[in-house]
Amino acid sequence: MEAARGTKIVIVGAGMVGSTTAFTLLLRGRATELILIDYNKEKAFGDALDMNHAMPFIGKTTVRAGDYEDCAGADIIIIAAGAAQKPGETRLDLLKKNVGIFEGIVDNIVKYTKDAILLVATNPVDIMSYFTWKRSGYPMNRVVGSGTLLDTARLRYLISEQKNMDPRSVHAHIVGEHGDSELALWSLTNLAGMHLEFTEEEQHQLHEDTKNAAYGIIKAKGSTYYAIALALDRIVTAILRDEGAILNVSTLLEDFHGNNDVYLGVPCIVDRTGVREVIKVPMNDDEKQRFSASAKKMREQLDSIEQFM
Ligand SMILES: NC(=O)c1ccc[n+]([C@@H]2O[C@H](COP(=O)([O-])OP(=O)(O)OC[C@H]3O[C@@H](n4cnc5c(N)ncnc54)[C@H](O)[C@@H]3O)[C@@H](O)[C@H]2O)c1
């Protein structure tokens, strides 16, 4: 895809996720200007320089380390800064650490722009997205979390392996928390519009493997970054191309099956305005109950950080 003229993307946090996302956006030509901001300025500088040496192979894009004043005029600001999940640590364990980090980041961003779309990847992503929305004063449609897009991709991949199919042709949805209380909407799982049936045992196994995927990868190599980079690229593309794509991102719930005032992953229409609309997909009683439990868990976590918002 050709970059739209003058597309500026800022990435705050050039760690494994941020730098892999920058490289993915670079390879796919999504921006004319990519700015890396990190607390560790040397790391951002080194990444930018390394990527600059790729230009003779892929053509020119401006990639450089920067600071918050570079947020002025940005189309999208991706936030992937913070502490990463340690082996055995839940995403919610990260909460307090990352709230402290986000106070400074969000306050700095809003000094320079009120017009960007803020795309949050840092975990616990639903809480950090809500925090970013509240603290920034941005409208909810322009603060988007990566939500359960990655989890949904993981489920689609697992089903595709089982059925020996292209994962892009498998339709399935993980909703709720990007974390332990997420759930699969089995009634919406389909191939070519035809409902896919799974036994209870199969559903249990697919759900467990999806939910625990990150723990397995972190145990094996310390962190996950390739698939999340492509998930973020998918959201960026839906925004920049004004696609109206349906993606399971984290957004503010307003009477979503009776759930309110939390950010959670649900199917959303994503376009140049950010989240244009939340799709109130049907859920059976069991799914509604589990989704509400996920929302309740988020609300409790949010209450514990109320004083910082
Ligand atoms: N949403 C998802 O699906 C998903 C998937 C994978 C990882 N993550 C999350 O993404 C985050 C980043 O993970 P990672 O593996 O890249 O971690 P990392 O430790 O490699 O990178 C984090 C970066 O943030 C920087 N940083 C810390 N404080 C900062 C500040 N105040 N300002 C600017 N930069 C700061 C650090 O210097 C570091 O470079 C984690 O919270 C992780 O859990 C989310």
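In each ligand, atom 1 is the first atom listed, and ligand 1 is the first ligand listed. The model shown is predicted, which means the values in this text are computed figures rather than measured ones. Note: hydrogens, waters and symmetry copies are ignored here, and every other heavy atom, side chains too, is used.
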Asks: Which atoms of ligand 1 sit under 4.0 Å from any heavy atom of S223?
Replies: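 Selected atoms, number and element: 15 (O).
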
Asks: What distance do I305 atom CD1 and Q301 atom CD have between them, rounded to the nearest 0.5 Å?
Replies: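 Reported value, rounded in 0.5 Å steps: 8.5 Å.
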
Asks: Does any N/O atom on D38 come nearer than 3.5 Å to any N/O atom on ligand 1?
Replies: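 Among all N and O atoms of D38, at least one is under 3.5 Å from an N or O of ligand 1.
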
Asks: Please work out whether any backbone atom (N, CA, C, O) or any side-chain heavy atom from C-beta onward of I228 is under 4.0 Å from ligand 1, and answer side chain, backbone, both or neither.
Replies: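 The answer is the side chain of I228.
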
Asks: Tell me yes or no: between the side chains of Y215 and D180, is some donor less than 3.5 Å from an acceptor?
Replies: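 Side chains of Y215 and D180: pair found under 3.5 Å.
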
Asks: Can you name the closest pair of heavy atoms from A74 and V10 and give their distance?
Replies: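 That closest heavy-atom pairing would be CB-CG2, 3.8 Å.
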
Asks: May I ask whether G104 places a heavy atom under 4.0 Å from ligand 1?
Replies: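 So G104 does not count as touching ligand 1.
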
Asks: In terms of atom number and element, which parts of ligand 1 are under 4.0 angstrom from non-hydrogen atoms of L150?
Replies: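 Counting atoms of ligand 1 from 1, those under 4.0 Å from L150 are 3 (O).
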
Asks: Please state whether A214 comes within less than 4.0 angstrom of ligand 1, counting heavy atoms only.
Replies: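 Heavy atoms of A214 never come under 4.0 Å of ligand 1.
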
Asks: Is the closest side-chain donor-acceptor distance between T237 and R30 under 3.5 Å?
Replies: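 Per modelled atom types, T237 and R30 side chains form a pair under 3.5 Å.
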
Asks: Between G18 and ligand 1, does any nitrogen or oxygen pair lie at a separation below 3.5 Å?
Replies: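 Between G18 and ligand 1, no N or O pair is found under 3.5 Å apart.
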
Asks: Against heavy atoms of A80, which atoms of ligand 1 measure under 4.0 Å?
Replies: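 Answer, ordered by atom number: 11 (C), 12 (C).
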
Asks: Just by distance, no angles: are the side chains of D70 and Y112 close enough, under 3.5 Å, to form a donor-acceptor pair?
Replies: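 Y112 and D70 do not have a side-chain donor-acceptor pair below 3.5 Å.
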
Asks: Decide whether an N or O pair under 3.5 Å exists between G82 and ligand 1.
Replies: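 For ligand 1, there is an N or O atom that lies under 3.5 Å from one belonging to G82.
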
Asks: Can you see whether D115 engages T113 through a side-chain donor-acceptor pair at a distance of less than 3.5 angstrom?
Replies: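 Per modelled atom types, D115 and T113 side chains form no pair under 3.5 Å.
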
Asks: Any atoms of ligand 1 less than 4.0 Å from a non-hydrogen atom of A83? List them with their elements.
Replies: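 Matching atoms, with element in brackets: 40 (C), 41 (O).
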
Asks: Test of understanding: given a 4.0 Å heavy-atom threshold, classify the contact between H178 and ligand 1 as side chain, backbone, both, or neither.
Replies: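 The answer is the side chain of H178.
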
Asks: M16 versus ligand 1: do any nitrogen or oxygen atoms come within less than 3.5 Å of each other?
Replies: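 Between M16 and ligand 1, an N or O pair is found under 3.5 Å apart.
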
Asks: Taking NZ, NE, NH1 and NH2 as the nitrogens, is one of them in D303 or R299 under 4.0 Å from a carboxylate oxygen of the other?
Replies: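 Result for this pair is yes, salt bridge flagged.
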
Asks: Under a 4.0 Å threshold between the charged nitrogen and the carboxylate oxygen, would K41 count as salt-bridged to D67?
Replies: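 Yes, charged N to carboxylate O under 4.0 Å.
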
Asks: Looking only at distance, does N123 have an N or O less than 3.5 Å from an N or O of ligand 1?
Replies: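 Yes.
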
Asks: Please identify which atoms of ligand 1 are closer than 4.0 Å to at least one heavy atom of I101.
Replies: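 Per the distance check, 28 (N), 29 (C), 30 (C), 31 (N).
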
Asks: Can you sort out which atoms of ligand 1 are near V17, meaning under 4.0 Å from one of its heavy atoms?
Replies: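 This gives 6 (C), 7 (C), 10 (O), 13 (O), 14 (P), 15 (O), 16 (O) as the contact atoms.
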
Asks: Quick check: V12 and ligand 1, any N/O pair under 3.5 Å apart?
Replies: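 The answer is no, given that V12 and ligand 1 share no N or O pair closer than 3.5 Å.
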
